[in-house]
Amino acid sequence: MRLRNFNIGRHLRDRLHYSWMLLVLAITMIVPVALLSGLIYKSSFLLSEQSFFQILFSNQWKPLSGKFGFYPFIISSLWVSVVSLLIAVPICLLTAIHLTQYAKRWVLNLMHPVIDLLAGIPSVIFGMWGILVIVPVISNYIGPLFGKNISGYSILAGAIVLSIMIIPFILNILIELFRHIPTELKETSLSLGATQWQTVKFVLVKKIFPGIVSAFGLGMSRAFGETIAVLMVVGNVVHVPKGIFQPGYPLPALIANNYGEMLSIPLYDSALMLAALILFVIVLFFNFLSRLIIVKSNIHN
Amino acid sequence: MNKPKINIQDLNLYYGKQHILKNINTIIPERQITVIMGPSGCGKTTLMKSLNRLTDLTPDCSVSGKIMIDGQNILNTTEDITKIRKKMGLLAQRPYPLPMSIYNNVAYGLRISGRKKRRFLDKRVEHYLRQVNLWNEVKDRLKEPAGTLSIGQQQRLCLARGLAVDPEIILADEPTSALDPISSQTIEEKFKELKNQFTIVMVTHILRQAKRIADYVIFMYLGEIIEQGPAKDFFENPQEEITKDYLKGLFY
Ligand SMILES: Nc1ncnc2c1ncn2[C@@H]1O[C@H](COP(=O)(O)OP(=O)(O)OP(=O)(O)O)[C@@H](O)[C@H]1O
Ligand SMILES: [Mg+2]
């Protein structure tokens with residue numbers, strides 16, 4: 001009899017836990033959906049008056065006369081995140097390979113917390129560091145090297161700061177990927193007469209290639225959404241940038257700089273909401289793509 | 001007994017402070033099948049790995065003694081380590097196909113050593129796949145990822161891949177333990193054929209398999225060689241008590 005009661009209690013608790021989990025799950029599902037529908041609703045005001053493609057591809061940003069062209073912001077965002085990725089890719093790959101394949105154990109054990117620490121630094125600090133170090137370096141050294149006389153607030157500054165921020169994030173994923181390759185695979189390649197470097201190049205990287213691609217995809221989506229640090233060093237000039245030494249004005253910066261001000265201008269808030277929607281969708285897209293690649297490759301292996 | 005191919009003298013191996021291989025002294029004859037037996041954890045895999053210096057990969061591993069292969073001490077040599085490793089084809093407990101096509105798995109070792117001519121590779125790939133009785137099963141799907149083959153096919157592919165670098169020695173660590181009976185039999189029969197050309201060292205837990213194919217047996221226990229000798233003597237007339245118990249199946 002006691003046993004039975006005990007069992008009922010246990011089942012009840014089990015049920016309770018189960019419904020709790022369902023609730024929490026539901027909340028985590030509802031939030032993004034609510035966010036998305038809110039953004040769609042708000043931006044519908046602008047979209048009902050102007051064509052979406054007009055907005056996407058026009059570079060006229062004149063809110064006072066009702067012109068909301070996002071083209072400069074989208075291009076700026078692309079510039080900053082692509083350049084930051086170009087900086088981060090080789091650094092991350094080589095570091096991960098070195099740490100997992102060549103370095104002594106203790107080096108990796110030491111680096112792991114350091115990388116985590118780096119990943120946890122608030123982005124505003126990276127922004128400040130960008131203003132204090134990167135911007136002057138670009139203005140005084142890198143710019144003149146290419147014969148440019150510039151302030152330093154530029155796509156390049158934003159990209160460098162961004163890359164420093166996404167490197168620890170990507171690096172962590174890559175290290176995990178490399179560490180989970182079975183030793184036997186490495187042994188196989190070596191036993192066939194390959195050198196360590198050949199093994200890395202032809203076997204290990206290949207084995208986890210989909211994972212590498214999606215790690216960078218996730219990094220890209222982070223870079224695309226990062227706001228404060230970029231905003232502080234990128235210059236925030238509304239124009240379509242034509243090179244890394246020019247200033248830019250990425251989408252997140254547009255929203256952060258302007259939301260809450262000048263909302264008396266008709267459709268202005270709707271335009272910012274549309275900008276947020278576009279950002280949201282792009283970031284979601286990169287995330288989704290990266291995860292898709294992982295899932296696909298898991299099925300294959 | 002054939003002429004010795006591998007001569008191991010006073011081999012001691014430590015992982016950190018753990019003494020794994022203790023005073024190993026043995027001779028592995030050329031072109032015969034030498035079977036290493038012993039209970040789990042006694043150091044069989046470690047001994048195999050030290051033969052082609054894969055133990056180098058473990059950071060805190062230290063080795064002393066000599067492993068003479070064709071008169072050259074591979075533990076202390078100026079020769080390129082990749083050359084030494086190429087002398088030995090490795091077959092692991094489970095097949096580990098390289099993440100590439102069936103064709104490229106076999107061609108990998110050749111490409112690595114600079115043989116890149118397509119016609120040459122085509123011929124070699126076919127030759128080795130035939131040698132392991134795999135050609136007919138895969139000839140229409142050479143471009144498919146090797147991971148799509150069945151486990152038994154994969155293991156034969158791994159054998160072909162190992163043979164393709166033209167080794168002198170085959171190191172096989174429980175090569176049939178993940179395989180079905182038919183695939184196991186194929187591998188066993190291959191080994192019996194291959195011993196005309198290669199020196200084969202094989203670890204197995206399966207007593208009957210050892211009896212079927214061994215020419216020479218090494219029995220290990222807790223990191224030491226307890227008994228070794230020609231298969232007939234070993235199985236019919238074991239000297240040590242531990243060996244007798246093991247052969248009776250009293251422990252694994
Ligand atoms: N990389 C390693 N680092 C530390 N210890 C290890 C390592 N590899 C193996 N060992 C230890 O060495 C001993 C021998 O292992 P080994 O794999 O050679 O045994 P085995 O005879 O092949 O066993 P099995 O029949 O189960 O395969 C074990 O105690 C194992 O824990
Ligand atoms: Mg073993």
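Note on naming: letters A, B, ... go to the chains in the order of the sequence lines (proteins, then strands), and numbering restarts at 1 for each one. On a predicted model such as this, the values are computed, not experimentally measured, just so you know.
Surrounding NE2 of His180(A) are at most 12 heavy atoms belonging to other residues, nucleotides or ligands under 6.0 Å away. Applying the 6.0 Å contact sphere to NZ of Lys201(A) captures more than 12 heavy atoms from other residues, nucleotides or ligands. Within 6.0 Å of CZ on Arg222(A) lie no more than 12 heavy atoms contributed by other residues, nucleotides or ligands. Counting non-hydrogen atoms of neighbouring residues, nucleotides and ligands closer than 6.0 angstrom, the CZ atom of Arg115(B) reaches no more than 12 such neighbours. Heavy atoms from other residues, nucleotides or ligands lying under 6.0 Å from CZ of Phe288(A) number 12 at most. With a 6.0 Å radius and a threshold of 12 heavy atoms from other residues, nucleotides or ligands, Met21(A) has its CE atom above the threshold. A 6.0 Å sphere centred on OH of Tyr102(A) holds more than 12 heavy atoms belonging to other residues, nucleotides or ligands. Around the NZ atom of Lys66(B), the shell of radius 6.0 Å holds no more than 12 heavy atoms that belong to other residues, nucleotides or ligands.
Residue Phe209(A): no heavy atom, backbone or side chain, is found under 4.5 Å from chain B. For chain A, the nearby part of Pro97(B) is the backbone; its heavy atoms alone come within less than 4.5 Å. With a 4.5 angstrom heavy-atom cutoff, Lys186(A) touches chain B only via side-chain atoms.
In terms of heavy-atom proximity, Thr199(A) sits nearest to Tyr108(B) at CA-OH, 4.2 Å. Across every non-hydrogen atom of Leu185(A) and Pro99(B), the tightest pair is CD2-CD, 4.3 Å.
Two residues are said to be in side-chain contact when any heavy atoms from C-beta on lie closer than 4.5 Å; Asp56(B) and Leu190(A) fail this criterion. With a 4.5 Å cut-off on side-chain heavy atoms, Thr188(A) and Arg161(B) count as touching.
The structure places CG of Asp173(B) at 9.5 Å from CD of Glu187(A), a figure rounded to the nearest 0.5 Å. Put simply, CZ on Arg111(B) and CG on Leu192(A) are 13.0 Å apart, with the number rounded to the nearest 0.5 Å. Note that OG of Ser191(A) and CG of Leu51(B) are 12.5 Å apart. Values are rounded to the nearest 0.5 Å. Taking CD from Gln196(A) and OG1 from Thr82(B), the interatomic distance works out to 12.0 Å, rounded to the nearest 0.5 Å.
Among Asn52(B), Leu91(B), Leu57(B), the residue with the largest count of heavy-atom pairs under 4.5 Å with chain A is Leu57(B). Considering only heavy-atom pairs separated by less than 4.5 Å from chain A, the leading option among Lys49(B), Met88(B), Gln93(B), Met100(B) is Lys49(B).
One finds no salt bridge joining Glu184(A) and Arg94(B) here, because no Lys/Arg side-chain nitrogen approaches an Asp/Glu carboxylate oxygen to under 4.0 Å.
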